[in-house]
Amino acid sequence: MNSHIDLKKPVLVIDDEADIRDLMELTLIKMGLSVHTAAGVAEAKKALRNHAFSLVLTDMRMPDGSGLEIVDYITAQNLDIPIAVITAYGNAEQAVEALKNGAFDYLQKPITLAQLRTLVKSVLTINNEVAEIEPTSKMATAPKRSEKKLKNETVSDKICETPVCERLLGNSPLIAEVRQLIGKLAKSNVPVYIAGESGSGKEQAARSIHEQSERRDKAFVAVNCGAIPEALMESEFFGYKKGSFTGADADRVGFFQHADGGTLFLDEVADLPLSMQVKLLRAIQERAVRRIGEMEEKHVDVRIICATHKDLNALVESGQFRQDLFYRLNVVSITMPPLRELRDDLPQLIQVLLQRILHDETMTLTAAAEKALLQYSYPGNFRELENILERAIALSKNQIIEVDDLQIHSHQLDAQSTVSTDNSSNLSPDSHALPQDFQFGHTQIQDYLDDVERHILQQALVQTRYNRTQAAKLLGISFRSMRYRMERLGIA
């Protein structure tokens, strides 16, 4: 048994089936734990009011309520107890909702005893490590907790003064919203899915989560899933034992063990073949990996963050990405805004990147060069902006960057042709007038209205150089409404 497991507080097992309660109780007692059981939601809430627990294991469906009620109750009462929910096979949506509401993890029925032991050891080890930081003397509890809280706040302040916050620069509402969400996610261990176009800063967001989390002293392992040949994936992810195959001349650990205690960032996760998706799912569920050539699995404590520029939902629907793995990875999602939607931040971003590239040197942009940079559409986002500036510095003379040094003429937006000073004239649906032979069926009318709405939204986006925030203001709607309409009408 793991010596770190806290034996002082019992585990609360909640299930309306007596046989399952008894089996789980017996398993936990064999692990050296004390156990308290409850047959339903009401009984469980009473136990939570009267006793302190180190862990709660609850079934999802019970006659007098749902396991989600237990999750919400623990959260509302600030009980600070890790809770895992047990769901029926195929009810991944409920499990995801529980995780979003504050559950630590979930298990799917039928539960294996190995899965139960692994989850319990993982949760209670973390719980005990946190408890070791806190005082054991009741008389000293209050002042020392205040001191600990002040210490945490000081550390947090220092983090915001470091390059962590500089990873995601800008003051626009979109990037501020991303930074705020990252701050919240850094405090938990839930898997995070980061969506966004190529070059929009997905890895920077992942590194920010890691660097602001309690795992910051451990490894951050970034893996480009699309760059690994399929034949080598298993050995790269899980490692291998010496002599397990031709060329295996020494033991090697894989990405999971390298990231043990830290964060594993799976970039372009959509490029994983289905065969590897199955193995990845098992490793995430079991929190254990088995190297090629070994029989024994080894426990790993890894936080998973993944990203892709592809539409993962569409890949799930087409059968190219496993739905169960998608639910495991996409507990909480972040969408990185493209650079064209951060126009107001461009001047600051350009200056910061120039300073990073030049270090102590100085470089001046001509007015024409600056104007060209501010009007460019940046299909490659931040990565392209950095490449443009590096190229311009290399081509410049006398520490001055001319517009020709940028080499973006062929892609530059023509402000005269795309932006009109008369907003109303470009947002007219006249070009979509009803045809004379139009049939007034429900489907045709809806298609027509969608077409008109799509045309107006696209014109607003063109006028604001694809700045969705400005386009929403131009149309007199909220940004949230703008984003919903774009998704519904398939506007990229």
Side-chain angles (χ1 to χ4, degrees), residues 1-5 31 104-108 111-126 129 189-193 203 206-207 210 213 215-308 321-322 324-329:
M1 188 192 71
N2 193 323
S3 60
H4 289 293
I5 292 178
M31 293 176 70
F104 183 93
D105 203 350
Y106 72 92
L107 293 172
Q108 284 191 336
I111 308 167
T112 67
L113 297 183
Q115 285 178 322
L116 179 62
R117 291 190 193 99
T118 299
L119 181 141
V120 171
K121 286 183 179 180
S122 175
V123 176
L124 295 186
T125 299
I126 293 170
E129 287 171 353
N189 282 311
V190 296
V192 179
Y193 165 53
E203 183 171 342
R207 288 185 181 274
H210 173 76
S213 74
R215 296 174 177 264
R216 57 184 169 270
D217 294 329
K218 299 294 185 179
F220 177 90
V221 178
V223 180
N224 188 333
C225 299
I228 305 171
E230 185 172 350
L232 299 178
M233 277 194 171
E234 186 173 0
S235 62
E236 290 293 317
F237 273 87
F238 308 130
Y240 53 80
K241 191 172 176 61
K242 180 180 178 180
S244 56
F245 55 84
T246 303
D249 52 0
D251 288 351
R252 179 175 175 177
V253 297
F255 298 137
F256 270 87
Q257 286 180 284
H258 274 301
D260 194 15
T263 303
L264 180 59
F265 174 56
L266 303 177
D267 197 10
E268 298 305 341
V269 71
D271 292 338
L272 285 174
L274 286 169
S275 58
M276 190 59 203
Q277 291 177 29
V278 176
K279 295 168 184 174
L280 178 61
L281 177 64
R282 176 174 173 79
I284 294 172
Q285 287 184 161
E286 302 295 333
R287 291 190 178 85
V289 296
R290 182 169 55 227
R291 294 192 298 179
I292 296 173
E294 271 187 343
M295 296 301 294
E296 183 183 351
E297 286 189 333
K298 293 186 178 179
H299 172 78
V300 287
D301 171 25
V302 173
R303 182 182 192 169
I304 302 291
I305 302 177
C306 70
T308 181
F321 199 87
R322 291 181 63 95
D324 46 7
L325 178 59
F326 174 73
Y327 283 127
R328 270 289 181 180
L329 297 175

inquiry  = Using 0.5 Å steps for rounding, measure from the OH atom of Tyr240 to the CG atom of Leu232.
reply    = 9.5 Å
Salt bridge (charged side-chain N to carboxylate O under 4.0 Å, His left out) contacts in which one or both residues fall within residues 229-244, not counting sequence neighbours = Glu234-Lys279, Glu236-Arg252
task = Scan residues 256-277 for pairs that pass salt bridge (charged side-chain N to carboxylate O under 4.0 Å, His left out), counting only residues two or more places apart or in two chains.
result = Asp271-Lys310
query = How many angstroms lie between NE2 in His299 and CD in Glu286, if you round to the nearest 0.5 Å?
reply = 11.5 Å
task = Find the distance between CE (Met233) and CG (Leu280) and round it off to the nearest 0.5 Å.
result = 10.0 Å
query = Where do Arg290 and Met295 come nearest, in terms of heavy atoms and distance?
reply = CD-O, 3.2 Å
inquiry  = If the condition is side-chain hydrogen bond (donor to acceptor under 3.5 Å, both in side chains), which residues does Arg303 pass it with, not counting sequence neighbours?
reply    = none
With Phe326 via ring-ring contact (aromatic ring centres under 6.0 Å, His included) - residues at least two apart = none
message = Rounded to the nearest 0.5 Å, what separates atom OH in Tyr193 from atom CD1 in Ile305?
response = 14.0 Å
request  = Kindly write out the residues that satisfy side-chain contact (heavy atoms from CB on, under 4.5 Å) with Gln277, not counting sequence neighbours, or none if the list is empty.
outcome  = Leu272, Leu274, Phe321, Arg322, Leu325
ask   = Please walk me through it: do Val289 and Val253 pass side-chain contact (heavy atoms from CB on, under 4.5 Å)?
value = CA-CA 10 Å; Val289 296; Val253 297; over 6 Å; no
request  = Find the distance between NE2 (His210) and CG (Asp217) and round it off to the nearest 0.5 Å.
outcome  = 8.0 Å
inquiry  = If I compare all heavy atoms of Ser244 with all of Gly293, which pair ends up nearest, and what's the gap?
reply    = CB-CA, 3.7 Å
Nearest atoms (heavy-atom pairs only) where Ala259 meets Val302 = O-CG2, 3.7 Å
task = Search all heavy atoms of Phe265 against all heavy atoms of Ala206 and return the closest pair with its distance.
result = CD1-CB, 3.5 Å
request  = I would like to know whether Phe237 and Val223 meet side-chain contact (heavy atoms from CB on, under 4.5 Å); could you show each step before the answer?
outcome  = CA-CA 9 Å; Phe237 273 87; Val223 180; 4.2 Å; yes
note = Taken in chain and number order and not counting sequence neighbours, the residues that satisfy ring-ring contact (aromatic ring centres under 6.0 Å, His included) with Phe238 are Phe256
message = Has Arg215 got a side-chain atom pairing as donor or acceptor with Gly261's backbone, closer than 3.5 angstrom?
response = yes
key: Spacing of CG belonging to Asp301 relative to NZ belonging to Lys218, to within rounding of 0.5 Å   = 9.5 Å
